[in-house]
Amino acid sequence: SLASVASSSYASLPPDDGDGDDDGRPCAAPSPQAMRRGPPLGGGGQPWRWEDNGDDGDAPAGPPAPPFVPGTPLPQPASPPPTLDGPPGALLTPDLASRLAASLPATLAVAGGRPWRCAYSTARDGTSLATLFRAASAAPPTTLLLVRDARGAVFGAFAAAPWAPGRRGYYGGGEAFVFTAAPVPALWRWHAARCDVARNDFFQLARPAMLALGGGPAFALALDADLGRGRSGPCETFGSPCLASGDEYEVGRVELWAVG
C-alpha cells in the first residue's frame, strides 16, 4: 500500500553527515541530536522538526512560517501558447497549458520551444506505473504530471528532474510545484520559508511501487503501482492542502507531459 511504502521511503532518507553543509540539498537535514522524528509521511502527525538543544546558537528569530499557505491563482495564459501533441480528450487543455506555461521556469519559455508532448496517458497506454516510468525515461526531464480522480478533481505537478525509480530517498529541486485545475485553479510553489523550522526538501520520490511529490505530514500527490489509487493531503513542502477530492482517491486518468 501507499502507506507502507511511505513509511519505508521516509526511513530511507539519508542522515546528516555532520559536516555542516547540506550535501547539495536545498535544505539541510538537522543532526540526529537536534531533531525528533515524527510519524511516517502520509500517516498524519508531525514531520521533521527542529529542536533547539542549546548547542548551535542559531535558532531562527521571530515566529516560524506557517506550515500551510493559500494557493496563488494560475496566471493568465502565456503568449504564444504551447503547441500540444497529445491524445483526444487530454486533461491538459490548451487553456490550462497556456496558464501553466506562464508558471514554468524562464529557461522553459514557450517561445521558440518544442511542442509539449504527452509521453504517457492511461487512456492510451494502460494503467501501469512501470509503463509511465519507461515513457519518462525516453522524454525530456522536465514534465507535467496531471491526474483526474474519479470525482472529477483535476490536479498535478511540475517536476524538473526525471521520474526514475531506484534513487535513494527524495530528489529534485525547488523549481517543482503542485497545482489544481478543477474545480478551482491554483498553484503552490516550494514553501522554502519552512526550512527555518523543518526539513522541507521532499520534492520527488520514485519507487517501483509508487510515485510521489512532497512530504510532511502527507504527500501532496502520490500514485500507486497500478495507477488505480492515490493519496493527497496537507503538505508542508509546498504549503498545500489536499489537492484531490479526498485524502485517498480513486484515479480516473493520469497523463505525463514532456515540456522541455
Side-chain angles (χ1 to χ4, degrees), residues 69-125 132 135-136 139-149 152-163 172-192 203-204 206 211-214 219-223 227 230 232 235 237-245 249 251-260:
V69 295
T72 58
L74 286 180
Q76 291 301 309
S79 181
T83 300
L84 301 182
D85 179 10
L91 299 179
L92 189 63
T93 63
D95 179 73
L96 177 58
S98 192
R99 290 175 179 270
L100 291 171
S103 306
L104 297 180
T107 53
L108 294 177
V110 173
R114 292 177 292 182
W116 288 10
R117 181 178 63 85
C118 184
Y120 172 82
S121 169
T122 51
R124 182 190 64 198
D125 305 311
L132 185 154
T142 49
T143 56
L144 285 167
L145 177 69
L146 285 94
V147 180
R148 182 178 64 208
D149 68 25
V154 179
F155 49 96
F158 168 73
W163 285 110
E175 304 94 341
F177 62 79
V178 297
F179 63 88
T180 54
V184 179
L187 179 147
W188 291 262
R189 298 189 184 276
W190 178 33
H191 192 22
F203 299 118
Q204 295 174 241
L211 171 157
L213 295 103
F219 298 122
L221 188 165
L223 296 168
L227 302 181
S232 177
C235 175
T237 302
F238 304 103
S240 55
C242 175
L243 306 176
S245 297
Y249 56 88
V251 175
R253 182 165 178 158
V254 175
E255 294 174 2
L256 186 73
W257 287 77
V259 298

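These figures come from a predicted structure and were not determined experimentally.
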Practice problem: Kindly determine whether Leu243 and Val178 satisfy side-chain contact (heavy atoms from CB on, under 4.5 Å), including the steps that lead there. | Solution: CA-CA 9 Å; Leu243 306 176; Val178 297; 3.9 Å; yes
Practice problem: Show your reasoning for whether side-chain contact (heavy atoms from CB on, under 4.5 Å) applies to Leu92 and Leu100. | Solution: CA-CA 10 Å; Leu92 189 63; Leu100 291 171; 3.9 Å; yes
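Expressed to the nearest 0.5 Å, how far CZ of Phe155 lies from OG of Ser245 amounts to 7.5 Å. Distance check, rounded to the nearest 0.5 Å: CD of Glu255 to OG1 of Thr143 gives 12.5 Å. One distance of note links CZ of Phe179 with CZ of Arg189; it measures 11.5 Å at 0.5 Å rounding. Distance check: Leu211 CG to Phe219 CZ gives 10.0 Å after rounding to the nearest 0.5 Å. Rounded to the nearest 0.5 angstrom, Thr237 OG1 and Phe177 CZ are separated by 15.5 Å. Atom CH2 of Trp116 is separated from atom OG1 of Thr83 by 10.5 Å, given to the nearest 0.5 angstrom.
For Ser103 against Arg99, the heavy-atom pair with the smallest separation is OG-O, 3.3 Å. The two residues Trp257 and Ala90 make their nearest non-hydrogen contact at CZ2-CB, 3.8 Å. In terms of heavy-atom proximity, Leu145 sits nearest to Leu221 at CD2-CD2, 3.9 Å. Considering every non-hydrogen atom in both Asp125 and Tyr120, the closest pair reads OD2-CA, 3.3 Å. When every heavy atom of Trp188 is checked against every heavy atom of Val69, the shortest pair comes out as NE1-O, 3.1 Å. The two residues Ser232 and Tyr249 make their nearest non-hydrogen contact at N-CE2, 3.9 Å.
Counting heavy atoms from C-beta outward, Asp149 and Val251 have side chains that stay 4.5 Å or more apart. Side-chain contact between Pro87 and Cys118 is present, with at least one heavy-atom pair separated by less than 4.5 Å. Contact check for Thr180 versus Leu187: no side-chain heavy atoms found under the 4.5 Å cut-off. A 4.5 Å side-chain heavy-atom check between Val147 and Val154 finds every atom pair outside the cut-off. Considering only heavy atoms from C-beta on, Gln204 stays 4.5 Å or farther from Pro162 through its side chain.
Of the possible donor and acceptor atoms, one in the side chain of Thr122 sits under 3.5 Å from a partner among the backbone N and O of Val254. A donor-acceptor pair under 3.5 Å is formed between the side chain of Ser121 and the backbone N or O of Ala123.
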